[in-house]
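What follows is a short report on a single structure.
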Amino acid sequence: MDKSHQDLSVYPVVIDEDKLNVKDKYPLLPVPFFMTVLGRVKAGKSTLLNSLCLSPRFYGDDFNIRILISPTAKGDPAMAHMVEHFEFVFDSYSDALLSEIIDMIENDEHENRYLLVLDDAITSNFKQSKNGKVDDFSALVTKYRHITNQKTGKEGMLSIILTLQYFKFMSVITRTMSMGLIICGELSDSELRKISEAYDFFGGNSKKFLELYRKCRRDPYDFCFLNVDAMEMRRNFDEIVWSRNDDRMTDNKSDEE
């Protein structure tokens with residue numbers, strides 16, 4: 001058989017974009033998303049959450065039903081607005097609660113978009129076990145984009161924001177599936193080193209990552225936004241510190257020279 005004219009091209013799959021239910025929010029993450037916010041106590045996470053979840057400048061108008069799981073929110077004045085305006089507020093996480101939320105989304109009679117915020121609700125208990133079994137939350141973040149409204153057939157009905165105080169609580173699955181990481185406040189050198197090693201594709205290596213990170217933290221309440229989806233590192237949400245596109249342009253110029 002003559003294979004000299006065999007077509008080995010890979011063609012794109014035709015997808016019904018309406019079913020995916022994606023909403024562009026650049027320079028923020030597109031909806032649906034899984035975002036992680038990392039920072040210790042008094043790092044500004046609560047202030048950031050209020051803006052992200054409630055302000056129309058961010059995601060305030062993008063979700064019909066918002067669910068907060070937080071062991072401390074009801075006693076935290078900085079979270080009072082979220083407690084007031086979220087449709088559901090729970091003070092503890094459980095696998096049963098997570099299952100109930102997924103069931104509610106899948107069987108919703110309307111086209112409601114859901115935002116699930118887990119504020120310091122995930123701890124070291126959520127590490128993968130030695131036998132390889134994955135906890136329910138980690139399993140969710142691998143498939144959240146495909147949770148489907150059974151009535152309409154639309155995917156992308158759930159977005160997730162996870163806040164953590166320690167990088168070690170981010171499992172390999174959580175890091176891999178998170179479309180964006182926001183780093184708030186002061187972190188130890190050892191923890192920053194671990195983050196730089198995990199995200200060294202921003203900048204190309206761990207040393208360059210740390211140099212870029214320091215540019216994001218010029219003022220006390222600055223934060224570093226790693227937009228994995230767009231491959232950009234930003235100081236807060238407005239200033240681009242590093243972009244994959246800029247790196248490609250530099251490489252192309254070097255090749256031309």
- prompt: Which residue pairs pass the salt bridge (charged side-chain N to carboxylate O under 4.0 Å, His left out) test with at least one member in residues 187-203, sequence neighbours excluded?
  reply: R40-E191
statement: Sequence neighbours excluded, the answer for side-chain contact (heavy atoms from CB on, under 4.5 Å) partners of D219 is D222, R235
field: Those residues that, when tested against K25, pass side chain to side chain donor-acceptor pair (under 3.5 Å) (two or more places apart)
entry: D62
- prompt: Which residues satisfy the side chain to side chain donor-acceptor pair (under 3.5 Å) test with D238, sequence neighbours excluded?
  reply: none
task: Begin from the C-alpha positions of F225 and F223 and carry the test ring-ring contact (aromatic ring centres under 6.0 Å, His included) through to its verdict.
output: CA-CA 6 Å; F225 174 38; F223 56 83; 7.5 Å; no
message: I need the full list of salt bridge (charged side-chain N to carboxylate O under 4.0 Å, His left out) pairs touching residues 142-153, with sequence neighbours left out, sorted by first then second residue.
response: E109-K151
field: For P30, all residues meeting side-chain contact (heavy atoms from CB on, under 4.5 Å), sequence neighbours excluded
entry: V22, M179, D229
query: Taking only residues two or more places apart in sequence, or in another chain, which ones meet H81 in a side chain to side chain donor-acceptor pair (under 3.5 Å)?
result: none
- prompt: Does anything in residues 29-53 pair up under ring-ring contact (aromatic ring centres under 6.0 Å, His included), and if so which pairs, sequence neighbours excluded?
  reply: F33-Y59
message: Please enumerate all residues that pass side chain to side chain donor-acceptor pair (under 3.5 Å) together with Y11, with sequence neighbours excluded.
response: D7
field: With sequence neighbours excluded, residues passing side-chain contact (heavy atoms from CB on, under 4.5 Å) with S94
entry: A96, L97
field: Partner residues of E106 under the salt bridge (Lys or Arg N to Asp or Glu O under 4.0 Å) criterion, sequence neighbours left out
entry: none
What pairs of donor and acceptor atoms, side-chain ones from residues 65-79 against any protein atom, are under 3.5 angstrom apart with sequence neighbours left out?
unit_1: R66; atom_1: NH1; unit_2: C53; atom_2: O; d: 3.3
unit_1: R66; atom_1: NH2; unit_2: H85; atom_2: O; d: 3.3
unit_1: S70; atom_1: OG; unit_2: T72; atom_2: N; d: 3.4
unit_1: S70; atom_1: OG; unit_2: A73; atom_2: N; d: 3.1
unit_1: S70; atom_1: OG; unit_2: D119; atom_2: OD2; d: 3.3
unit_1: D76; atom_1: OD1; unit_2: A78; atom_2: N; d: 3.0

